[in-house]
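Written out below as structure tokens is the structure these notes cover.
Throughout, protein chains are lettered first and strands after them, A, B, ... in sequence-line order, and every chain is numbered starting at 1.
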Amino acid sequence: MSVRVFTNEVLEEMRGIVREPSALFFSVLMPVAFFLLFSSIFGDEPRAGVSAGTYMLATYGVFGVLSVTLMTPGIGVAGDCDRGWLAVKRATAVPLPIVLAAKVTAALPYALGVLVAMTVAAAGFGTLDASAGQLLRLGGVLVLGGLPFALLSLAVGFRASGNASAAILNAILLPSAVASGLWMPLEILPAAIGEVATFLPTYHLAQLSLAQVGEGTGLGHAVVLAGAAVGMAVLAAVSYRHART
Amino acid sequence: MLGLPNTDAVLVAQGVHHRYGDTVALNGVDLVVGAGECVTLLGPNGAGKTTLVGLTIGLLAGQGGRVRVAGGDPRRAATRRNLGVVQQASGLPSTLKAGELVAGAAVRAGAPRSAAGPVLDELGLDDLAGRRAARLSGGQRQRVALAMALVADPALLVLDEPTVGLDAAARAQFWEILARRRERGTAVLLTTHVVEETRRVADRVVVLHGGRVLADERPDALAARIADRTVTARTTLDAPRLEGLPGAVAVRVGAGRAHITTRTPEALLRVLLAQDPHLSELTVEGAGLEEAAASLTAAAVAA
């Protein structure tokens, strides 16, 4: 029963995204456009022992996954709260975690789409230098690493309206991207930003992603991200207890 | 008050207490709804109706007392398979089609997607199955919400203002469908502002006030509790003058008509006819359920 119900929930969510894609359009388009822009500017400069395209695939990949997993579930659940649809779901026989997991899962294909588009672009620029195994590992890390941000997204969506959620999540997304070195390497930014970065999960996801295409295991970063996931899960649970439904 | 518990009971609430901070929402409520029964909840805003519904459909966690649906705790997801619910603010996602919404509701309740077809047909929605919710009228969306509640043939239907947005024909059709479901044993818990409509369909009316049950009895028995009569007429007199008529207890003016509640209709009519020679469409009826419930509530406030 659970698999059937979960599949139904995911398909409903995906239909919603496909039929009203305006919000996701920017979540997908912006990271890919940024990747193309910055690749054309910095594409000739190898960094941290890997080619520019490979390096940027890891960092912009984080930005791409973040823009989908941080924005889509929260804005979706806030809209459901606004119109009373979440209350309808809560009065059904489907446990709420399945409803929420479906919301996050439905966004993942679009996150993968961003990664594929960037990979193809980097290969097209001739700046990609990574094996298939490395790319698969990178994809896996980025998709799994999106979990804490999806949970943070839900935490915001439970409490804020749809419009407010979009504003709050954008206010988290854009500074996190800059301060974690996702757009430009931290070395060329003011030192203070580099110090702030180590406190941001986005920075640790970027470092873990770079480890998949470069050197090192990134184990410490994985531990930080696991801790962040636990923290965000607690935050989402507390937020749900005070949800607007 | 009914005896507890009833072996055929689909919904049993015993000694239910609930509060929001310092505000008492429910204060020792008992309620039983048996298989095939239709029970209407009446009461002013803040009486506790929404809280009782919230506890019944599992949206609220119980604080005191016990609520059981088909023998199970409605906070457990498995128990809610026995529920069909129409909530007041059940805004359907604009991107999904009517047929998808009803089929999705079937799957969530453990029924096959194919269960949607007969219900869409029953509610006259088969031609609209492929239309997105955004392109449905208010009445059509309400029928979709009803179809979603009915699709898995639940043991208990909880309907919060289910006929909002429906025209007269659709409302009549809705009550017919409900009657058929009740013949098959479906229990119904209903809240509505169209109080008189429930007189024909409800087995019992439960009047709530201040979190307590003031009355739990058959609609006619409840209406017979008070001696009030309602004088209805098309008149040129304004509300203050109507309120000054001898024996006028309450006055309601709407849609060009005045509704005056009184216990002395003869005396009131003599003066009314003298003051308004153009008076027309005059009727005098026994008190309705709404007046009876209001009278009970007023008595509770006075006490």
Point-to-point distance, once rounded to the nearest 0.5 Å, from OG of Ser94(B) to CZ of Arg19(A): 10.5 Å

Mind listing the closest non-hydrogen atom pair of [X] and [Y] along with its distance?
| X | Y | value |
| --- | --- | --- |
| Thr92(A) | Arg108(B) | OG1-CD, 3.8 Å |
| Ala91(A) | Gln87(B) | CB-NE2, 3.7 Å |
| Gly91(B) | Trp85(A) | O-CB, 3.5 Å |

Around [X], counting heavy atoms of other residues, nucleotides and ligands shown, do more than 12 lie under 6.0 Å from its [atom1]?
| X | atom1 | result |
| --- | --- | --- |
| Arg76(B) | CZ | no |
| Asp73(B) | CG | yes |
| Arg135(B) | CZ | no |

Residue-level interface, residues 7-15 of chain A with chain B, non-hydrogen cut-off under 4.5 Å: Asn8(A), Glu9(A), Glu12(A), Arg15(A)

Residues which pass side chain to side chain donor-acceptor pair (under 3.5 Å) with Ser239(A), listed by chain and number, not counting sequence neighbours: none

pair Val107(B)-Arg4(A): side-chain heavy atoms closer than 4.5 Å: yes

Interface residue of largest heavy-atom contact number with chain A, from Leu96(B), Ile57(B), Val158(B), under 4.5 Å: Leu96(B)

Donor-acceptor under 3.5 Å (Arg81(B) side chain, Val94(A) main chain): no

